[in-house]
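Report on the structure given below.
Atoms considered below: every heavy atom in the structure, side chains included; atoms not considered: hydrogens, waters and symmetry mates. One-based numbering along the sequence shown. For clarity, every value in this text was computed on a predicted model and none was experimentally measured.
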Amino acid sequence: MPLIEHIYELRTRLLISVAAIVVTLGFGFWWYGTGVLGVPSLGGILTGPYCDIPPGARLQLGDAGDECRLLATGPFEQFMLRLKVAATAGIVLASPIWLYQLWAFITPGLHKNEKRYGIVFTILAAVLFIGGAVLAYVVIVHALEFLLSIGDNVQTTALSGSQYFTFLIQLILIFGVSFEIPLLIAMLNVAGVVSYETLARSRRGIIMGIFVFAAVASPGQDPFSMLALAVAVCILVEAAIQFARLHDKRRKKSRADWLEVDDESASPLAPADGLGGAGTLE
């Protein structure tokens with residue numbers, strides 16, 4: 001297509017993606033304070049890790065001291081926080097639509113085998129991101145308990161909603177994005193940019209880099225989230241390296257015939273039929 005048609009198509013797909021995010025944002029804004037079909041409210045789900053902390057390590061409200069609430073320090077903080085959480089939920093819930101729009105925009109420029117790999121990688125990207133988010137949600141209970149109880153004999157932490165949800169969203173996004181690193185390695189291998197031999201030689205450096213990245217990227221700087229992120233990504237990266245080994249082995253096997261030809265020789269050609277006897281020379 002001409003460039004102008006590509007621009008029009010990009011505009012259409014962007015509008016569809018934004019419209020889907022706006023719809024899911026509205027749903028997330030409503031879900032924030034209301035349960036859906038037996039599922040707790042989004043606010044209740046996200047505050048679960050904080051409320052699971054022993055009462056002595058957080059501010060207690062109510063006569064019996066068993067009410068779990070976050071603080072709001074400004075008149076518009078609750079509304080803006082609800083909008084922020086709803087926007088994040090909207091982007092996640094609408095991900096199948098905007099990922100499909102992105103994929104549909106890229107697909108016409110790919111070969112058939114690249115399209116097949118692209119579909120697999122798109123599905124794996126969504127699964128890995130969700131897996132990282134779930135792991136972050138599980139880890140945050142132990143991370144908060146460590147961070148808030150380290151000095152609970154002297155003071156009690158009263159977190160505001162903005163502080164808590166910012167920490168939670170950052171942790172979920174970092175885990176989700178970090179889980180895409182192994183997929184990126186596999187994509188580079190399929191594209192022929194990185195070989196298994198290169199990855200195998202760099203394995204120790206990659207592992208060291210992952211641990212350094214986890215130490216720097218974890219928003220709480222607590223040992224639980226850092227170790228959980230580093231170990232999980234290392235396991236996934238090792239799986240990507242083994243995928244590269246199998247893929248390179250299959251690639252070499254499929255190209256064995258012409259790989260044996262040296263650079264100065266012509267590759268062997270199969271006899272041509274129907275060319276007026278020009279197929280085989282005696």
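Considering every non-hydrogen atom in both Y137 and L46, the closest pair reads CE1-CA, 4.4 Å. Smallest separation of non-hydrogen atoms from E197 and D248: OE1-OD2, 4.1 Å.
Cluster annotation: I140 and I45 are assigned to the same hydrophobic cluster (Ile/Leu/Val/Met/Phe/Trp/Tyr, side-chain heavy-atom contacts under 4.5 Å, transitive). Under a hydrophobic-cluster definition in which Ile, Leu, Val, Met, Phe, Trp and Tyr are linked whenever side-chain heavy atoms come within less than 4.5 Å, directly or via other members, F213 and I207 are assigned to different clusters. By the rule that hydrophobic residues join a cluster once side-chain heavy atoms approach within less than 4.5 Å of another member, I206 and F211 end up as members of separate clusters.
In this structure, the separation between CD on Q101 and CD1 on I16 is 4.5 Å, given to the nearest 0.5 Å. Interatomic distance, I7 CD1 to L10 CG, rounded to the nearest 0.5 Å: 8.0 Å.
Remark: of the listed residues L168, L173, T166, I172, T166 is the sole one forming a side-chain contact (heavy atoms from CB on, under 4.5 Å) with Q170.
Taking the charged nitrogens against the carboxylate oxygens, R13 and E9 do have a contact shorter than 4.0 Å, which makes a salt bridge.
Side-chain N or O atoms of W98 include one that pairs as donor or acceptor with a backbone N or O of I91 at under 3.5 Å. Side-chain atoms of R203 never come within 3.5 Å of backbone atoms of E238 as a donor-acceptor pair (strictly under, hydrogens ignored). Looking at S41, its side chain does come within 3.5 Å of a backbone N or O of G44 through a donor-acceptor pair.
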Hey, can you pull the donor-acceptor pairs under 3.5 Å for the side chains in residues 25-34, sequence neighbours left out?
unit_1, atom_1, unit_2, atom_2, d
W31, NE1, P40, O, 3.1

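Heavy-atom neighbours of Q78 CD from other residues, nucleotides or ligands within 6.0 Å: at or below the threshold of 12.
Y164 is linked by a ring-ring contact (aromatic ring centres under 6.0 Å, His included) to Y50, counting only residues two or more places apart in sequence or in another chain.
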